[in-house]
2 protein chains.
Amino acid sequence: MTARQARSEAQRLLDASGVRATPGRVQVLAELVREPNDATAQGLHERLRARGERVGLATVYRTLGVLVEHGIVDALSHSPGELCYRICGGGHHHHLVCTECHRVEELGSCELDEWLERAAAVHGFRATSHRLEVAGVCAGCAGA
Amino acid sequence: MTARQARSEAQRLLDASGVRATPGRVQVLAELVREPNDATAQGLHERLRARGERVGLATVYRTLGVLVEHGIVDALSHSPGELCYRICGGGHHHHLVCTECHRVEELGSCELDEWLERAAAVHGFRATSHRLEVAGVCAGCAGA
DNA sequence: TTTAGTGCAAAAGTTTTGCATGGTC
DNA sequence: GACCATGCAAAACTTTTGCACTAAA
């Protein structure tokens with residue numbers, strides 16, 4: 001994907017969510033569009049600077065906050081003390097992360113709700129939400 | 001549970017795992033024994049100091065690291081940038097956390113493995129481990 | 001003109017590390 | 001003596017906030 005394509009896709013995503021497409025936001029989101037897996041705020045900032053785009057670290061954090069708030073990106077925390085961000089399909093889903101190469105796949109369907117409701121009820125809980133992260137080894141890494 | 005009981009339970013847990021029962025470790029672990037839910041490193045440190053026990057914050061962190069390494073306690077991260085620790089029963093299990101009072105229950109049985117294997121295989125992954133955290137409202141808070 | 005976004009620097013917060021000290025095997 | 005644990009302080013690191021400035025509605 002070219003830089004121009006990434007920027008236009010970023011613009012489209014922002015427009016679709018009614019978020020003003022400011023320069024900083026387009027830069028950050030375009031960088032995420034080019035990233036098939038997930039990236040940290042620091043990592044995104046470094047890449048943008050390396051690419052010659054003048055964007056502040058605070059703007060990267062503020063932008064990611066806005067993007068998460070509008071559901072344009074998801075925040076994952078597979079290592080403590082550090083959040084990773086990723087563009088995600090809509091709806092409820094979970095992630096499959098390769099422990100070797102950090103590739104991320106989405107698990108489209110989630111068939112946990114019914115089981116969860118029963119399991120929670122045993123403890124007197126009403127389950128309202130859940131987060132599942134699956135670690136594994138992807139086909140590429142298993143072969144190597 | 002009295003302070004003496006907590007300390008002796010802590011000692012037992014350390015012995016059972018072959019971890020040397022030094023003063024700092026017994027203090028930290030005894031504090032976790034008294035805690036039905038989970039606690040942060042900072043919180044444990046504060047409580048120990050308030051109780052008059054002279055223990056350094058670094059020791060609390062180092063001890064928690066050792067305890068996690070030996071599977072004596074679990075580290076949960078339900079808020080980013082901060083880990084919570086908790087004594088856990090052995091074996092594979094998941095947590096049910098009340099969003100109101102932060103009470104934590106263990107979900108004893110995990111019936112996800114079969115479903116997960118199939119779901120991962122669709123993406124060419126071999127699932128090796130998973131982590132599930134369920135948020136909900138406990139009976140007490142639902143009533144209030 | 002009023003609001004929203006941005007860059008920079010400083011601050012806040014958690015966790016780790018260096019180093020000297022004291023206890024244990 | 002060698003090693004491990006500990007306290008303290010300093011450092012590292014991620015993330016947030018204050019403030020001045022700019023651009024946009």
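Letters go in sequence order (proteins before strands), and every chain restarts at 1.
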Spacing between [X] atom [atom1] and [N] atom [atom2], to the nearest angstrom:
X	N	atom1	atom2	value
B/Leu83	D/dC13	CG	C1'	14 Å
B/Glu82	C/dT16	CD	P	13 Å
A/Leu64	C/dG5	CG	C1'	15 Å
B/His70	D/dA5	NE2	C1'	14 Å
B/Arg54	C/dT21	CZ	C1'	15 Å

A/Leu57 near the nucleic acid: base, sugar-phosphate alone, or nothing, with a heavy-atom cut-off under 4.0 Å?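 The residue A/Leu57 makes base contact.
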Taken in chain and number order and not counting sequence neighbours, the residues that satisfy side chain to side chain donor-acceptor pair (under 3.5 Å) with B/Gln42 are B/Tyr61
With a cut-off of less than 4.0 Å, is there a side-chain N or O of A/Tyr61 near OP1 or OP2 of D/dT15?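 True: A/Tyr61 side-chain N/O within range (under 4.0 Å) of D/dT15 OP1/OP2.
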Are any protein N/O atoms closer than 3.5 Å to N/O atoms in nucleotides 18-20 of chain C? If there are, list each pair with its distance.
none

Taking the basic N atoms (NZ, or NE/NH1/NH2) and the acidic carboxylate oxygens, is any pair closer than 4.0 Å for A/Arg7 and A/Glu9?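 Answer for the salt bridge query: no.
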Is the shortest heavy-atom distance from the side chain of [X] to the side chain of [Y] under 4.5 Å?
X	Y	result
B/Leu76	B/Leu83	no
A/Val66	A/Ile72	no
A/Leu13	A/Ile87	yes

Pair up each side-chain donor or acceptor in residues 115-122 of chain B with any protein partner under 3.5 Å, not counting sequence neighbours, and list the distances.
residue: B/Trp115; atom: NE1; partner: A/Glu111; partner atom: OE1; Å: 2.9

With sequence neighbours left out, which residue pairs that include part of residues 20-36 of chain B fulfil the side chain to side chain donor-acceptor pair (under 3.5 Å) condition?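 Of all non-adjacent pairs touching residues 20-36 of chain B, those that pass side chain to side chain donor-acceptor pair (under 3.5 Å) are B/Glu31-B/Arg51, B/Glu35-B/Arg47.
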Could you work out, with ring-ring contact (aromatic ring centres under 6.0 Å, His included) as the rule, every residue matching B/His94, not counting sequence neighbours?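 Once residues adjacent in sequence are excluded, the partners of B/His94 under the ring-ring contact (aromatic ring centres under 6.0 Å, His included) criterion are B/His92, B/His130.
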Check each residue of residues 17-51 of chain B for a non-hydrogen atom within less than 4.0 Å of any atom in DNA chain C, then write out the ones that pass by number, or none. B/Gln42
